[in-house]
Amino acid sequence: MAKSIEPQLLKIGDYLKLKKGTVFTIPEYQRAYSWNVDNCDKLWQDIHDYVESDSKDGYFFGTIIVNCQKNDTKYGLIDGQQRTITFLLLLKALLVKINIAIGDTANDEDSAPLRRGLQERRRRIMNILYRAEAEDISDEPNQAKDAEICRCTMILENYSINEQYKTELKTILQANDYKEAEARAIKIKYKKNDNRYTNFFRNYKFFCAKIDDLSVSQLNSIAKSIIENCEVIEIKSWQVEQAITMFNSLNSDGLPLYDSDIISAKLYAEAEKVNQQDKFSDLWKQLNEQISELDEAGVADINSILMQHMYHTRTINRETISDRHSINVTTPGLRRYFTDINKQPIRKPIEMCTDMLRLVRIWKKVSEYPLMKVLLRFNENMKLFLASYFYRFSEDEITEEAVHLVLSSMLRLFAVLELVDFGYSSKHFKTFLFGEEIKLADADVSAEKIKKDFDKHIRTTWTEDEIREAIQDYDGSMLVYLNEYLFAREKGMDFTISSRRDIEHIMPYSGKNLQEIRRDAGIASQEEFIGVVNKLGNKILLEVKINRAIGNEWFRTKVSTKLEDKTGYIDSAYPIARALVSTYRDKQKPYWTKSDILAATEKASKRIIKFIFDN
């Protein structure tokens with residue numbers, strides 16, 4: 001018979017004191033250790049204020065949920081790993097300082113109570129961190145003996161497939177002092193100062209610095225309070241799903257808990273049932289590694305990939321079509337869908353993880369296509385529907401040519417969204433896309449057929465005149481990317497979007513020479529200037545380095561040869577900047593006027609309308 005849930009209010013010292021042969025574990029599906037110095041600063045301030053208040057009540061640090069395994073010898077931390085690891089780092093920092101303080105405290109009658117208190121704290125902390133017996137711990141710190149104790153068993157084993165620095169806690173706890181820990185700590189490549197250290201060491205360093213500011217008496221009081229007065233409720237469970245459900249419920253009040261954490265835990269539990277947990281852990285690790293690159297590039301994170309997978313699953317199951325055969329655009333939450341509405345994907349953890357890994361690899365490949373780079377600047381929702389189309393392909397099968405028609409069709413529709421008063425949730429966008437997703441997911445429906453659907457929808461919903469008028473009034477940034485792309489295509493020029501770029505105003509909208517620039521441009525008033533300077537024809541893409549160098553210079557300076565050690569449009573790889581150089585650099589005194597802006601806006605309008613309506 002399964003054991004019942006067992007809650008217990010415990011002092012931190014009792015919670016962290018494990019029996020011989022028992023360890024805390026960080027399960028495979030858990031997050032990495034993510035607490036930073038700000039979290040530790042708040043924890044430290046809470047403890048410090050509590051000690052200063054001289055309260056007789058305990059200080060509560062929340063609930064810990066533990067999944068008991070292996071005959072209760074492994075305590076899987078379902079909720080509480082951040083606090084548990086942080087308290088271990090804090091206790092180690094206290095121990096290092098206590099060892100120093102014992103040596104610095106006079107061995108006389110007046111100081112005897114304080115020395116005994118420090119020695120008691122030393123024994124208690126070493127008993128917690130290393131399971132050392134009282135008789136094995138000397139009153140006075142002994143470097144050789146202490147080092148031997150520190151190298152004994154660890155009380156926490158980290159199996160998280162999301163944690164890159166599993167050995168770092170062990171490195172810190174097994175070091176005899178701060179200098180040894182610092183010397184052995186992981187140094188992250190290409191990072192400087194404290195950023196080169198892991199969260200583990202940065203937090204340990206923070207606690208050491210705070211403790212250094214304490215008097216010996218304060219040190220003794222804080223160490224005693226942490227061990228004997230700070231409290232947690234430890235809830236033990238003997239079923240991982242039950243523990244995860246509690247985790248979900250207890251964190252429903254706004255504490256940071258991601259859908260991906262719950263779903264990955266459920267997937268792991270299902271894999272464990274069929275003895276495939278190792279295979280799942282390997283796949284999930286690969287998935288996170290691949291997604292981290294997409295996340296850095298602003299393409300997708302784990303929750304967005306899960307959402308795309310949910311959209312695709314609902315589409316192929318025809319869950320988006322109501323009983324009356326109308327399109328149902330109501331979308332359930334991720335967690336509710338996979339853990340309540342449709343549990344089938346979760347019950348096939350290897351298959352689900354493999355499918356998502358394939359999608360991520362496709363996104364990595366497709367996100368490098370110039371057309372996709374432009375599309376990624378527009379509304380995020382397009383990814384949900386593109387993913388269903390991508391699922392048609394294997395990573396090897398997908399090519400720029402294979403996805404061009406669908407990407408182009410999606411870009412045309414989302415360019416319209418940028419220009420009209422209707423929002424994404426209207427029937428012209430969301431309802432249309434939900435209906436079209438059925439075809440996007442169906443490998444038997446050709447890209448040409450999908451394009452025709454987009455053609456018909458755009459042409460019957462909007463007119464060229466209303467889109468032209470909207471472009472003339474447009475003062476945003478998204479269409480700048482589209483205009484650059486279309487201009488490059490029109491001129492047969494190469495086009496890509498660099499990671500560091502700006503939206504450049506050809507005629508500056510600020511700066512010391514603004515009055516003269518306006519006069520040269522034929523603009524009479526401030527009101528007229530505001531109406532012209534943000535038009536699409538006055539905006540181009542430009543590399544950050546070049547944009548910073550030219551600042552708010554005159555147009556003739558921007559398009560001329562290099563200014564001393566500075567740079568200008570002449571060094572840009574973006575097509576319109578290069579075209580401006582080609583057109584104006586040899587002119588005696590080139591000006592960029594109101595007429596030029598209006599003419600450039602009209603040209604941009606024509607090429608965008610031609611693209612949107614596929615003329």
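Position 1 is the first residue of the sequence; numbering continues from there. Note that the structure is a prediction, hence the values are computed from the model and not measured.
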Salt bridge (Lys or Arg N to Asp or Glu O under 4.0 Å) evaluation trace for Asp453 with Lys456: CA-CA 5 Å; Asp453 288 347; Lys456 181 180 178 182; over 6 Å; no
Centroid-centroid under 6.0 Å between Phe201 and Tyr165 rings: no
Where the side chain of [X] meets the backbone of [Y], is there a donor-acceptor pair that is under 3.5 Å apart?
| X | Y | result |
| --- | --- | --- |
| Glu466 | Thr463 | yes |
| Gln308 | Ala387 | no |
| Lys449 | Asp444 | no |
| Ser264 | Asp261 | yes |
| Asn534 | Asp475 | no |
| Gln82 | Ser34 | yes |
| Asn288 | Asn162 | no |
| Lys558 | Ile506 | yes |
| Asp301 | Asn303 | yes |
| Lys535 | Leu598 | no |

For atom [atom1] of [X], is the number of surrounding heavy atoms from other residues, nucleotides or ligands below 6.0 Å larger than 12?
| X | atom1 | result |
| --- | --- | --- |
| Arg459 | CZ | yes |
| Tyr591 | OH | yes |
| Glu469 | CD | no |
| Lys594 | NZ | no |
| Lys187 | NZ | yes |
| Asn195 | CG | yes |
| Glu397 | CD | yes |

Minimum side-chain heavy-atom gap [X]-[Y] below 4.5 Å:
| X | Y | answer |
| --- | --- | --- |
| His505 | Lys539 | yes |
| Val329 | Thr320 | no |
| Phe495 | Glu484 | yes |
| Asn158 | Thr167 | no |
| Leu433 | Asn381 | no |

Residues Ile438, Ile321; criterion side-chain contact (heavy atoms from CB on, under 4.5 Å); working and verdict: CA-CA 10 Å; Ile438 296 166; Ile321 303 174; 3.4 Å; yes
For the [atom1] atom of [X] and the [atom2] atom of [Y], what is their distance to the nearest 0.5 Å?
| X | Y | atom1 | atom2 | value |
| --- | --- | --- | --- | --- |
| Leu541 | Tyr485 | CG | OH | 14.0 Å |
| Asp571 | Glu543 | CG | CD | 8.5 Å |
| Leu357 | Ile305 | CG | CD1 | 10.0 Å |
| Ser304 | Leu334 | OG | CG | 9.5 Å |
| Leu386 | Met382 | CG | CE | 6.0 Å |
| Phe611 | Ile608 | CZ | CD1 | 9.5 Å |

Residue pairs fulfilling side chain to side chain donor-acceptor pair (under 3.5 Å) with at least one residue in residues 599-611, sequence neighbours excluded: Gln472-Glu602, Asn483-Arg607, Glu490-Arg607
Pairs meeting criterion ring pair (Phe, Tyr, Trp, His ring centres under 6.0 Å) with involvement of residues 302-331, two or more places apart: His309-Tyr391, Tyr311-Phe385, Tyr311-Phe434, His312-Tyr391
Any pair counted as ring pair (Phe, Tyr, Trp, His ring centres under 6.0 Å), so long as it reaches residues 358-384, sequence neighbours left out: Trp363-Phe390
Working for side-chain contact (heavy atoms from CB on, under 4.5 Å), residues Asp442 and Ile316: CA-CA 8 Å; Asp442 188 347; Ile316 60 176; over 6 Å; no
Set of residues satisfying salt bridge (charged side-chain N to carboxylate O under 4.0 Å, His left out) with respect to Lys365, sequence neighbours excluded: none
Working for side-chain contact (heavy atoms from CB on, under 4.5 Å), residues Leu413 and His457: CA-CA 9 Å; Leu413 183 65; His457 177 65; 3.9 Å; yes
Sequence neighbours excluded, every pair satisfying salt bridge (Lys or Arg N to Asp or Glu O under 4.0 Å) that has a member inside residues 347-364: Glu293-Lys364, Asp355-Arg358
Salt bridge (Lys or Arg N to Asp or Glu O under 4.0 Å): pairs with one or both residues in residues 411-430, sequence neighbours excluded: Arg412-Asp455
Counterpart residues, ring-ring contact (aromatic ring centres under 6.0 Å, His included), relative to [X] (two or more places apart):
| X | answer |
| --- | --- |
| Phe429 | Trp462 |
| Tyr268 | Tyr29 |
| Tyr574 | none |
| Tyr424 | none |

Distance-only donor-acceptor check, side chains Ser160 and Gln30, under 3.5 Å: no
Asn615 and Glu464 side chains, donor-acceptor separation under 3.5 Å: yes
salt_bridge(Glu448, Lys451) N-O dist < 4.0 Å: no
For residues 278-285, please give each side-chain donor-acceptor pair under 3.5 Å, one per line with the distance, not counting sequence neighbours.
{"residue": "Ser281", "atom": "OG", "partner": "Gln277", "partner atom": "O", "Å": "2.8"}
{"residue": "Asp282", "atom": "OD2", "partner": "Gln286", "partner atom": "NE2", "Å": "3.0"}

Quiz: residues 403-410 side-chain donor-acceptor pairs under 3.5 angstrom, not counting sequence neighbours:
{"residue": "Ser409", "atom": "OG", "partner": "Leu405", "partner atom": "O", "Å": "2.8"}

Whether Trp592 and Phe555 hold their rings parallel, tilted or perpendicular, with breakpoints at 30° and 60°: tilted
